[in-house]
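Predicted model, so just to flag it, every value in this text is computed and none were measured. Residues: numbered from 1 along the sequence shown. What you see below is based on every heavy atom in this structure, not just the backbone, and it leaves out hydrogens, waters and symmetry mates.
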Amino acid sequence: MVQPAHANTVSDLTDPSLYLEATPFLKDGETPPNLEWLKLAEEINNDWLVQPIEENPATLVIAPKQGDLSKAKHILVPMGRRSSAFGTAITTSLNLFRSKELFVVLTIVNYNNIQEYGKALLEKSKSDQTDLIMPVGSIAADFVITEFAGETLPVVTNTAKDPVLMKQIDSYDRGSGTNIAFTTFSIPIETLKTYLLQLKPNLKNIGILYESFNESTVKTQVEPLVAEANLSGIQTLLYAVDDEDFSKETLIKLIPQALQDMSSSDPALSNSIFFVTGSASVFQEIETITNLSRNVVVVATLPDVVKEGSSSADLSIGVNIQSSAYVAALYVVDILSGQTKPGDLPVGYVTPPDVAINFLRTYQNQLKIPFDFFELASFIYDKTGQPVRLFGQNLIG
């Protein structure tokens with residue numbers, strides 16, 4: 001994270017001695033965290049150099065291919081866990097930085113939720129030439145907010161859950177008044193319920209699939225949805241993955257049990273849904289979920305879980321990671337260009353929500369899609385599971 005004061009080449013930025021390793025913070029026998037799982041779009045290589053740090057698998061530096069690096073702004077990007085969504089978030093951010101001509105170097109660190117390692121990284125950022133911290137993911141966002149609120153360096157959260165429901169800020173409409181600017185990929189629970197009742201006016205059961213250890217998911221998706229559903233007499237059934245390394249095995253047991261539970265009040269299972277939260281180890285097993293769900297409609301909160309083919313949720317009502325990351329990147333641009341202060345920015349979120357529909361799945365489940373869903377949808381896959389609309393753009397005439 002220490003950036004050379006007069007870095008002229010990428011090699012100046014990748015000196016291993018400049019970066020904190022995870023090893024001193026590990027318990028005996030623990031494997032150092034890495035970033036091998038972080039997948040960026042190929043297009044990034046056109047304008048950016050992606051450089052791992054020698055003998056430090058937890059750290060990655062991304063620098064522009066052209067320009068005087070001594071004039072670059074430096075962004076620390078801490079991540080608290082692995083997620084396939086993070087590559088999308090970083091790719092989106094880099095593309096926006098390039099289009100807005102924001103000249104930046106990113107130092108990405110997977111501190112793997114090792115608290116002391118994360119604290120050391122933040123402390124080191126104060127003396128480094130770091131201009132902004134952009135935690136990616138809810139775990140990292142919560143950690144940085146807890147440990148770094150009130151400091152001088154600005155912070156912009158990226159790909160994080162609802163900060164109001166997390167009690168990190170009081171209102172969506174006002175800024176924090178601190179060094180932190182909040183963004184979120186969540187949508188208000190009242191909005192979600194409205195959409196679900198349009199889809200299933202006689203909805204009886206919502207089977208919520210989530211990670212029990214994912215505090216942000218529990219606080220911002222599970223508990224609020226349970227409370228909101230109860231107001232309308234809708235039964236919520238909770239099915240939790242307790243260990244992300246065994247999510248598939250757990251879901252193979254949970255889904256049949258859920259179907260049995262739902263059938264007690266809905267024998268035909270025609271007024272029940274599975275709701276797939278933004279829990280990575282759950283939504284990454286969407287094929288397992290759909291293979292076992294019989295005729296129960298599968299609704300996801302992330303549009304990314306609706307995709308080509310049959311291994312897809314029927315539809316999603318939420319915010320695409322790219323849309324959310326775009327908002328966060330815009331906040332970074334505004335702050336680093338001096339246009340605004342982080343504490344003055346309201347919570348950045350996408351409205352109306354992104355809708356994605358897979359008509360192959362909805363046809364199989366005999367689900368009628370309201371016309372306004374079709375009009376709103378940014379992502380549509382036809383009855384063969386092929387994409388016909390992506391990011392709001394129709395692919396066929």
Side-chain angles (χ1 to χ4, degrees), residues 1-10 12-15 18-20 44 47-51 53 58-79 86 89-111 118-137 140-141 143-145 147-160 175-183 325-345 348:
M1 289 184 321
V2 172
Q3 308 298 354
H6 302 288
N8 295 310
T9 67
V10 172
D12 293 333
L13 294 172
T14 55
D15 180 350
L18 301 175
Y19 301 89
L20 279 179
I44 292 303
D47 301 289
W48 304 87
L49 288 168
V50 181
Q51 296 289 328
I53 302 301
T59 302
L60 195 68
V61 172
I62 302 178
K65 284 187 172 181
Q66 298 181 349
D68 183 356
L69 293 180
S70 67
K71 297 179 181 179
K73 298 286 188 180
H74 293 279
I75 301 174
L76 170 65
V77 183
M79 297 177 176
F86 295 170
I90 295 299
T91 296
T92 301
S93 299
L94 289 170
N95 284 336
L96 182 71
F97 296 156
R98 178 185 53 77
S99 68
K100 295 292 185 180
E101 298 183 346
L102 184 68
F103 194 51
V104 294
V105 172
L106 270 61
T107 300
I108 303 174
V109 184
N110 175 21
Y111 72 95
K119 290 177 184 178
L121 290 167
L122 294 177
E123 189 63 30
K124 201 169 187 297
S125 70
K126 298 177 188 178
S127 57
D128 294 346
Q129 291 185 345
T130 302
D131 296 287
L132 183 140
I133 299 174
M134 185 178 72
V136 174
F143 176 76
V144 173
I145 292 160
E147 299 293 335
F148 214 71
E151 297 287 351
T152 302
L153 282 177
V155 173
V156 176
T157 65
N158 189 323
T159 318
S176 67
T178 70
N179 61 317
I180 297 173
F182 292 91
T183 70
Y326 187 89
V327 172
L330 279 176
Y331 274 19
V332 171
V333 171
D334 289 346
I335 291 167
L336 289 183
S337 62
Q339 296 182 43
T340 189
K341 297 178 180 179
D344 294 338
L345 291 164

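- Counting all heavy atoms, side chain and backbone alike, Ala140 lies closest to Met79 at CB-CA, 4.0 Å.
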Stepwise, does the side chain to side chain contact (heavy atoms under 4.5 Å, CB included) test hold for Ile145 with Val155? CA-CA 8 Å; Ile145 292 160; Val155 173; 5.7 Å; no
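- Between Lys126 and Phe148, the closest heavy-atom pair is CE-CE1, 3.8 Å.
- Atom CD1 of residue Ile75 and atom CD1 of residue Ile108 lie 10.0 Å apart, to the nearest 0.5 angstrom.
- Rounding to the nearest 0.5 Å gives a distance of 4.5 Å between CD1 of Ile44 and OG1 of Thr91.
- In terms of modelled atom types and a separation under 3.5 Å, the side chain of Asn158 and the main chain of Pro135 share no donor-acceptor contact.
- With Asp131 contributing its side chain and Val104 its backbone, the two residues share no donor-acceptor pair below 3.5 Å.
- Taking the side chain as every heavy atom from C-beta outward, Ser93 and Val332 never approach each other to under 4.5 Å.
- Rounding to the nearest 0.5 angstrom, the gap separating the CG atom in Leu106 from the CZ atom in Phe97 is 6.0 Å.
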Start with the C-alpha distance between Lys65 and Leu49, add both sets of side-chain angles, then the distance that settles side chain to side chain contact (heavy atoms under 4.5 Å, CB included), and finish with yes or no. CA-CA 6 Å; Lys65 284 187 172 181; Leu49 288 168; 3.7 Å; yes
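- Between Lys73 and Leu336, the shortest heavy-atom distance links the atoms CE-O, 3.9 Å.
- The two atoms that bring Ala328 and Val156 nearest to each other are O-CG1, 3.6 Å, heavy atoms only.
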Apply the test side chain to side chain contact (heavy atoms under 4.5 Å, CB included) to residues Lys100 and Leu330: give CA-CA distance (whole Å), side-chain angles for both, the deciding distance (0.1 Å), then the verdict. CA-CA 9 Å; Lys100 295 292 185 180; Leu330 279 176; 4.0 Å; yes
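- Open room surrounds CD on Gln66; 12 or fewer heavy atoms of other groups in view lie less than 6.0 Å from it.
- What you find for Phe182 and Thr157 is that their closest heavy atoms are CA-OG1, 3.6 Å.
- Heavy-atom contacts from other residues, nucleotides or ligands closer than 6.0 Å to NZ of Lys119 number more than 12.
- Atoms CD1 and CG, from Ile335 and Asp344 in turn, are 9.5 Å apart once rounded to the nearest 0.5 Å.
- Rounding to the nearest 0.5 angstrom, the gap separating the NE2 atom in His74 from the CG atom in Leu69 is 7.5 Å.
- Counting all heavy atoms, side chain and backbone alike, Ser337 lies closest to Asp334 at OG-O, 3.2 Å.
- If you take CG on Leu18 and OG1 on Thr107, they are separated by 9.5 Å, rounding to the nearest 0.5 Å.
- Here the rule is side chain to side chain contact (heavy atoms under 4.5 Å, CB included) with Tyr19, and of Leu13, Val109, Asp128, Leu121 only Leu13 fits it.
- At least one donor-acceptor pair under 3.5 Å links the side chain of Asn179 to the backbone N or O of Leu153.
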